[in-house]
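Values reported hereafter were calculated over all heavy atoms of this structure, with side chains retained and with hydrogens, waters and symmetry mates removed.
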Amino acid sequence: MTTVEHTIELPEPSEHLVAHREALAEGRLTFQRCSRCRNAWLPPRDHCPRCLSAEWSWEDASGRAKVVSWVVYHRSYHPAFADRIPYNVVVVELEEGPRMISNVVGIEGAEGLAIDAPLEVCFEREGDVPVARFRLVR
């Protein structure tokens, strides 16, 4: 019997995403902050999404965050996720302001999730790609 491995094809990352992933691999969650309007954002991009300025800098996040919203998937829409069912997808707001989409690990489905529930970052890998995930602070 042969085992079929299902993977998701990822596009070639931008230079900013490469820098962000390098920081994740080092155990740091980074985000960008505009030098003009002070907006902070994720995912990485060339210009501020608020004022379109190209003047920005990288900052390290504290790793503290809170739950904004979530959904729990009970059906796999791609074979690569079939062994994760049920799994959560969570919008988190970092203490410094930017929001990102991630997962809360160490729980079953939505167990313990609530609006404004405190989180802390943890670092994992999806194949060769470092990712930021979160744990509930109890």
**Item:** Any residue meeting salt bridge (Lys or Arg N to Asp or Glu O under 4.0 Å) with Arg50, in chain and number order, not counting sequence neighbours
**Value:** none

**Item:** Partners passing salt bridge (Lys or Arg N to Asp or Glu O under 4.0 Å) against Arg64 (at least two apart in sequence or in another chain)
**Value:** Glu95

**Prompt:** Partners of Phe31 by ring-ring contact (aromatic ring centres under 6.0 Å, His included), sequence neighbours excluded?
**Reply:** none

**Message:** Listing request: all side-chain hydrogen bond (donor to acceptor under 3.5 Å, both in side chains) pairs with a residue in residues 103-123, at least two apart in sequence or in separate chains.
**Reply:** Asn103-Arg133

**Prompt:** Can you pull the salt bridge (Lys or Arg N to Asp or Glu O under 4.0 Å) pairs that have at least one residue in residues 73-89, sequence neighbours excluded?
**Reply:** Arg84-Glu126

**Message:** Among residues at least two apart in sequence or on other chains, which ones pass ring-ring contact (aromatic ring centres under 6.0 Å, His included) with His16?
**Reply:** Trp56

**Item:** side-chain contact (heavy atoms from CB on, under 4.5 Å) partners for Asp60, two or more places apart
**Value:** Arg28, Thr30

**Asked** With sequence neighbours excluded, what pairs up with Ser35 under the side-chain contact (heavy atoms from CB on, under 4.5 Å) test?
**Response** Glu55

**Request:** Kindly write out the residues that satisfy ring-ring contact (aromatic ring centres under 6.0 Å, His included) with Phe123, not counting sequence neighbours, or none if the list is empty.
**Result:** none

**Message:** Just to verify, what does Ala110 make a side-chain contact (heavy atoms from CB on, under 4.5 Å) with, not counting sequence neighbours?
**Reply:** Trp70, Val72, Leu113

**Asked** Hydrophobic clusters join Ile, Leu, Val, Met, Phe, Trp and Tyr when side-chain heavy atoms are under 4.5 Å apart, directly or via other members; which others share one with Val18?
**Response** none

**Asked** With Arg38, which residues qualify under salt bridge (Lys or Arg N to Asp or Glu O under 4.0 Å), at least two apart?
**Response** Glu59

